Amino acid sequence: MPKQLIKGNDALVKGAVLAGCRAFYGYPITPANEIAEAAAYYIPLAGGTFLQAESEVAAINMVYGAASAGIRAMTASSGPGISLMSEGISYIAGAELPCVVVNVMRGGPGLGNIAPEQSDYFQAVKGGGHGNYRCLVLAPATAQEMCDLTRLAFDLADKYRNPVFILADGYTGQMMEPVDFLTVDAHAQVTPEWAVDGTAETRKNLITSLYIHPDELEAHVRKLEAKYKRASEVETRWENYRTEDADVVFLGYGVVARILKSVVEMLRGRGIRAGLLRPITLFPFPSGEIRRLAKQAALFYVVEMSTGQMVEDVRLAVEGARPVEFYSRVGGNVPSAEEIFEKVLKTMEARAANSVEEVLSHA
Amino acid sequence: MPEMKQTHGKAQCFYDTYERKGELTHQTHYCPGCGHGISMKLLAEAIDELGIRDRVILVSPVGCSVFLYYYFDVGNVQVAHGRAPAVATGLKRARPDSIVISYQGDGDLAAIGSSEILHAANRGELITCLFANNAIYGMTGGQMAPTTLLGRKTTTTPFGRDKIKDGYPLHVSEVLSSLEAPVFVERVALGSTKQILAAKRAIRKAVETQVKGLGFSLVEILSPCPTIWKQDPVEAQKFVRETMAEVYPVSNKCDRTATAEPHPAPAPAPDLDELPRILKLPAAAPAGTAPRALREDLDCRIKIAGFGGQGVLLLGQLLAEAGMDDGLEVSWLPSYGPEMRSGTSNCHVRLASKPVDSPLVTKSSVLIALNEPSLDKFLEEVEPGGLVLYNGDEIPEDARRQDVTMRALPFFEIADEVGTAKAGNIVVLGALLEALPLLPAEIVDRAMARVVKGEKWLEIDRKAMERGRQAMNAVVSAVVSAVVSAVVSKEAHCHA
Ligand SMILES: Cc1ncc(C[n+]2csc(CCOP(=O)(O)OP(=O)(O)O)c2C)c(N)n1
Ligand code: SF4
C-alpha cells in the first residue's frame with residue numbers, strides 16, 4: 001500500500017472519516033486545532049457535518065445528539081475543553097451512546113500552557129465527570145496509530161456503546177510520519193437499532209441516562225460495570241519492546257514511549273537488559289502483562305510527563321512485588337533520551353549500593 | 001384545569017397508558033393546574049394535525065417536564081440541564097428529515113442553557129423550541145429563575161427579587177427575536193381558554209416552520225405553576241393572565257415565515273469508494289529503490305533550525321518525503337511547545353533503515369543552522385564526526401568544533417542568484433545531498449514535484465537545488481567519506 005507522509009492530527013481525521021465518522025463538533029483550542037481544521041475540510045466533503053460550537057459544553061452535547069441519531073460522531077479538544085465536556089461525557093456514558101473524544105493534552109492545571117503534558121491521565125482514565133462510568137482510553141504513539149486507533153475507537157465505541165478517548169500529545173499530533181491508510185475498507189454506516197433517527201422503526205426508542213427508581217439505576221449501573229469488566233478482559237492492548245529478557249522494564253505511553261525505546265537501545269548498548277511495555281489502552285490497563293513481567297524483571301521504571309498518574313496503576317498492578325521507579329518532566333518539558341538514560345544509570349547504581357549495604361548490615 | 005376538559009379524547013401521539021412511568025400509568029406526573037400538562041397536549045395535537053409523528057424526535061430537558069418521554073409516542077431523547085438546543089442541533093443535522101422539537105423550562109433555557117439557545121437561534125437551526133416560562137424553578141422546589149418577577153419571594157430570594165442584587169426578569173423572546181436568523185418567535189400564555197387557543201396556533205405554526213424547512217422557531221409559553229406559587233389552579237391562571245403577561249407581553253415577536261426560503265436539502269453523501277480521492281490518499285506506490293549498501297545501518301538524525309520564513313519546516317519535510325519514497329523509515333517533528341519562540345523555527349528529521357524510535361533529535365548527526373542563534377544553541381548536541389551546515393560566509397570563530405565537519409555557505413544569497421532568496425532552503429537541500437549522498441537525486445526530485453505547489457516554483461527549486469550541489473561541491477568533496485561513515489553508524493548514538 002502506498003504510504004503518505006502526514007501529520008498525526010491529519011492522519012487521525014482521515015482515519016475518522018474512513019471509520020465512518022460523519023459528525024464533528026468542536027471548539028478551538030491549541031494544540032487540538034488542526035484536528036478541527038482538518039475535520040472542517042474533510043467531513044463535509046464526505047457528506048457529514050462539521051460545526052464549530054459556541055463552547056465545549058455545546059460541542060459535546062451536539063455529539064450526544066448526533067450519536068443519539070445513530071451516526072458516528074466525535075470531538076477533539078485539550079485539557080480545559082475536556083474539563084467542560086466532562087458533564088456531557090458522563091451523560092453519554094450514562095445514556096450508553098458511542099462517540100470518540102480526542103484529547104491532545106497540554107500543560108495544566110488551569111490555563112497551564114499549550115506545551116505537551118500527560119497530566120490528563122486521571123481525567124480520562126479514572127472518570128472526569130460524575131457517576132459510575134469509565135471511558136475506554138487509547139494512547140497513540142505514531143502517526144499510523146493516530147489513524148488506526150481512531151478507527152478502532154469508533155468500533156469499540158459502537159461495540160460497548162460508550163465514549164472512547166484518544167489520549168494524544170502534541171508531539172504525536174504534530175509529527176509527520178508515513179501512514180498506510182487503506183489497511184481496511186471504509187466503514188459503511190448502519191443505523192443501530194437503539195438509535196432515535198426520526199423514523200417509524202425507531203419511534204419507540206428512548207435515549208436517557210435518567211433512572212428515577214433506585215433499583216432501576218442500580219441495575220443500569222451494574223450493567224455498565226459488567227460492560228467495563230468485559231472490555232477489560234478482551235480489549236487490553238499493549239506493545240512489548242525487547243521485554244523478552246528484560247531486567248529493567250520501562251513503562252510509558254505516547255511520545256514518551258518513543259523516547260523510551262531510544263533509552264532501551266542506549267542501555268542495551270551498555271549491556272543492560274532493558275525493555276519497554278507500552279500500554280496502548282490505558283483503560284483497560286495492561287495490569288496482567290505487568291504482573292507477568294514482574295515475575296522476570298527486577299525493576300520497573302515509569303516515565304510520564306505528569307507528576308505521577310499512570311504510575312499509580314503500575315504500582316497497583318505490581319502489588320509491591322518489584323520496585324517501581326518514576327521519572328517525570330512537566331510544564332511542557334519533554335524528557336530527552338539522554339536525560340532518562342543518565343537517571344536510570346544513577347538509580348541502578350544507587351540500588352546496587354543499597355543492596356550491598358543491606359547485605360553488609362545483615363552480616 | 002377545569003376548563004380544559006378533554007373533548008376530543010387523547011391525542012394520537014400520546015401513549016394509551018404511560019408504561020415508562022411505572023405506576024399510575026393513566027395520569028401524568030404533573031401537579032393539578034400545571035402549565036406543562038397543557039403545553040404538552042397542545043404540542044401533541046400539533047404533531048397529530050401535521051401528521052408527522054414518525055418523524056418527531058422530542059428532546060426532554062431537566063426540570064418538571066423531564067419525563068415527556070413517559071407520554072409521547074415519538075422518538076425521545078432526554079438530555080442534560082440546559083443543553084437541549086445543542087443536542088437538538090446534533091440530532092437535526094444528523095437526520096435532516098426528522099422533526100426535532102425541544103422543550104425547556106426557564107431555568108433550563110434562560111439560565112444554565114442561555115448560551116445554547118442563543119447560539120442555536122443565531123445559527124438558525126432547523127429546530128423548534130418550546131419554552132415554558134413559569135418564572136420559577138419548579139423541580140428543585142421554588143428557587144429564583146432568571147424570569148422571576150421583581151419583588152417575588154422565592155426560596156432563594158426570601159426578601160423578594162431585588163433588581164440591584166438579582167437583576168431583572170429576562171425577556172427571552174425579545175432577545176431572540178432581535179437576531180437575524182430566527183423565523184418564528186412568539187410569546188403565548190396559558191391564562192385563559194382564549195390564550196390557550198392562541199398558544200395552540202402558535203405551537204402549530206412553530207412546528208410547521210420546521211416541517212417546511214424555513215428555519216428556527218420558538219414559542220415562549222407563560223405557564224402556571226400553582227404548587228410553587230402556592231395558588232390554586234384558578235388563581236394561578238389569573239396570575240399568568242394579569243401579572244406575568246404585564247411583564248412579558250404576549251404577542252408575536254417575529255414572523256418571517258412568509259418570506260423565508262426553505263433551507264436547501266443536503267447534498268447526497270458520496271460513495272465510499274470516493275473516499276480515497278476525497279481524503280487525498282496517495283494513488284499509487286512510489287517505486288522505492290532497493291536499499292543501497294550505504295544504508296544498511298543508516299541512522300541519520302537531522303536538526304534544522306533558523307528563522308521563521310526560511311523554509312526550515314519544508315526543507316525537513318522534503319527530506320522525510322524523499323526518504324519515505326526511498327524505502328527508509330522516517331519521521332519529521334516541527335518545533336513545538338517551549339522551543340517555539342517567536343521568530344525561530346526548527347525541526348527534527350530522522351532517516352533510518354530501522355523503525356524510528358524517538359522522533360525527537362536530541363543528539364544530531366547533521367545540524368543545519370540557518371542563523372547564528374541556532375548554531376549557538378544546537379552545536380553542542382552534534383555527535384562527534386557529524387556534519388554542520390551554516391548559512392553564512394564563514395563559521396563564527398566562537399562556534400567552531402574540531403570533531404565535526406563544519407561548512408558555511410551563503411545559501412540565501414545563492415538562492416537570490418536563481419531568482420529568489422525564498423528558495424534558500426532548497427539550496428541547502430542540494431548542498432546537503434552533495435555533502436552527504438543520503439538520497440538519490442531522482443527520488444528527491446520526485447518528492448519535490450509532489451510537495452512544491454506550482455510549476456513555476458518547481459523550476460526555481462530545481463535550479464536552486466543544482467546551485468546548492470555546485471556550491472557544496474566546490475568546497476567539500478574531500479570530507480564526504482569521513483562524514484558518511486559517522487552519520488550512518490547506529491553505534492555512534494548508543495554512547496551517551
Ligand atoms: C447541572 C445541573 N445543575 C442543577 C440541576 C438541578 N436542577 C434540576 S431542575 C432545575 C431547575 C428547573 O427549573 P426550570 O427549568 O424552570 O423547570 P421547571 O421545573 O420549573 O419546569 C435544576 C436547577 C441539574 N439537574 N443539573
Ligand atoms: S411544581 Fe410547578 S412546574 Fe412542576 S409539576 Fe408542579 S405545577 Fe408543574
Side-chain angles (χ1 to χ4, degrees), chain A residues 2-5 14 17-18 23 25 42 45-47 49 54-55 58 61-66 68-69 71 87-88 91 115-116 170-171 174-178 181-182 186 188 196-200 202-203 205-208 210 213 258-259 261-262 265-266 269 332-334 336-338 341-342, chain B residues 20 22 53-57 66 69 73-80 83 86-91 93-95 97-99 115-116 119 267-270 272 275-276 278-279 281-286 317 320-321 324 330-334 336-338 357-360 362-363 491 494-496:
Chain A
K3 290 189 178 188
Q4 185 167 42
L5 189 73
K14 292 188 183 187
V17 173
L18 290 169
Y25 293 98
Y42 289 115
L45 290 179
T49 299
E54 60 270 27
S55 69
N61 280 284
M62 291 169 182
V63 167
Y64 184 105
S68 298
I71 70 168
E87 175 199 53
Y91 274 76
Y171 277 109
Q174 292 293 328
M175 73 188 171
M176 281 206 257
E177 289 184 314
F181 281 100
L182 296 176
V196 176
D197 66 353
T199 59
T202 65
R203 202 183 75 215
N205 288 348
L206 165 66
I207 304 293
T208 186
L210 173 60
H213 299 294
R258 303 284 300 264
I259 297 165
K261 283 188 181 175
S262 290
E265 292 307 320
M266 290 160 84
N333 288 312
V334 179
S336 70
E338 292 76 21
F341 175 74
E342 292 298 333
Chain B
R20 282 184 179 141
R53 178 173 67 165
D54 287 344
R55 294 166 65 195
V56 169
I57 302 176
V66 64
Y69 57 83
D73 182 5
V74 299
N76 280 287
V77 178
Q78 199 290 318
V79 305
R83 317 299 177 216
V87 175
T89 298
L91 283 162
R93 292 194 178 220
R95 303 293 177 190
D97 290 336
S98 65
I99 303 298
S115 168
E116 284 78 7
H119 288 278
L272 286 185
L275 285 185
I278 290 169
L279 295 176
L281 303 183
Q317 186 187 344
E321 295 268 1
M324 174 181 74
V330 303
S331 69
W332 172 97
L333 182 75
Y336 173 70
D357 41 33
S358 172
L360 278 89
T362 41
K363 286 272 175 213
E491 299 332 298
C494 294
H495 308 286

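Residue numbering restarts at 1 for every chain, and letters A, B, ... go by the order of the sequence lines. A quick note: this is a predicted structure, and the numbers were derived from the prediction, not measured.
- Per-residue counts of heavy-atom pairs under 4.5 Å with chain A were compared for Ala320(B), Gly22(B), Ala80(B); the largest is that of Ala80(B).
- The minimum heavy-atom distance linking Pro2(A) with Ala283(B) is given by the pair CG-O, 4.2 Å.
- Contacts of Leu360(B) with chain A are made by side-chain atoms alone, with heavy-atom separations under 4.5 Å and no backbone atom involved.
- Residues Leu91(B) and Gly65(A) share a closest heavy-atom pair of CD2-O, 3.2 Å.
- Using a distance-only test at 3.5 Å, with no hydrogens or angles considered, no donor-acceptor pair links the side chain of Arg203(A) to the main chain of Gly75(B).
- Here Asp197(A) is the residue among Asp197(A), Thr208(A), Ile71(A) with the most heavy-atom pairs under 4.5 Å with chain B.
- With a 4.5 angstrom heavy-atom cutoff, Asn205(A) touches chain B only via backbone atoms.
- Rounding to the nearest 0.5 Å places CG of Leu206(A) at 4.5 Å from CZ of Arg20(B).
- Interface remark: Gln4(A) contributes backbone and side-chain atoms alike to the contact with chain B (heavy atom separation under 4.5 Å).
- For Ala267(B), no part sits under 4.5 Å from any heavy atom of chain A, backbone or side chain.
- Residues Tyr64(A) and Gln78(B) come closest through the heavy atom pair OH-O, 2.6 Å.
- Ranked by heavy-atom pairs shorter than 4.5 Å toward chain B, the options Lys261(A), Lys14(A), Glu177(A) are led by Lys14(A).
- Nearest heavy-atom pair across Ser115(B) and Glu54(A) is OG-CG, 3.5 Å.
- Going from atom CD of Glu87(A) over to atom CZ of Arg83(B) covers 4.5 Å, rounded to the nearest 0.5 Å.
- Neither the backbone nor the side chain of Ala23(A) comes within less than 4.5 Å of any heavy atom of chain B.
- For the set Ile207(A), Thr199(A), Leu210(A), the entry with the most heavy-atom pairs within less than 4.5 Å of chain B is Ile207(A).
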Go through Leu275(B) and Phe181(A) one step at a time and tell me if the side chain to side chain contact (heavy atoms under 4.5 Å, CB included) criterion holds. CA-CA 11 Å; Leu275(B) 285 185; Phe181(A) 281 100; over 6 Å; no
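- The greatest number of non-hydrogen atom pairs below 4.5 Å with chain A, out of Ser98(B), Ala269(B), Ala88(B), Pro282(B), is found for Pro282(B).
- Taking CE of Met176(A) as the reference point, atom CD of Gln317(B) lies at 3.5 Å (rounded to 0.5 Å).
- When Ser336(A), Ala188(A), Gly88(A), Ala46(A) are compared by the number of non-hydrogen pairs under 4.5 Å with chain B, Ala46(A) comes out ahead.
- Both the backbone and the side chain of Asp73(B) come within less than 4.5 Å of a heavy atom of chain A.
- Atom OG of Ser55(A) is separated from atom NE2 of His119(B) by 8.0 Å, given to the nearest 0.5 angstrom.
- The shortest side-chain heavy-atom distance between Gln174(A) and Pro334(B) falls under the 4.5 Å cut-off.
- Counting heavy atoms from C-beta outward, Pro178(A) and Val330(B) have side chains that approach closer than 4.5 Å.
- Of the inter-residue distances, the one linking Thr202(A) atom OG1 with Ile57(B) atom CD1 reads 7.0 Å to the nearest 0.5 angstrom.
- Taking each heavy atom of Leu45(A) and Pro270(B) in turn, the nearest pair found is O-CG, 3.3 Å.
- Contacts of Leu279(B) with chain A are made by both backbone and side-chain atoms, with heavy-atom separations under 4.5 Å.
- For chain B, the nearby part of Val334(A) is the side chain; its heavy atoms alone come within less than 4.5 Å.
- By number of non-hydrogen pairs under 4.5 angstrom with chain B, the leading residue of Asn61(A), Ile259(A), Val196(A), Val17(A) is Asn61(A).
- Looking at Thr49(A), the atoms closer than 4.5 Å to chain B (heavy atoms on both sides) all sit in the side chain, from C-beta outward.
- Ranked by heavy-atom pairs shorter than 4.5 Å toward chain B, the options Ala69(A), Ala58(A), Ser68(A) are led by Ala69(A).
- In terms of heavy-atom proximity, Tyr91(A) sits nearest to Val79(B) at CE2-C, 4.0 Å.
- Atom OH in Tyr171(A) sits 9.0 Å away from atom OG in Ser358(B) (nearest 0.5 Å).
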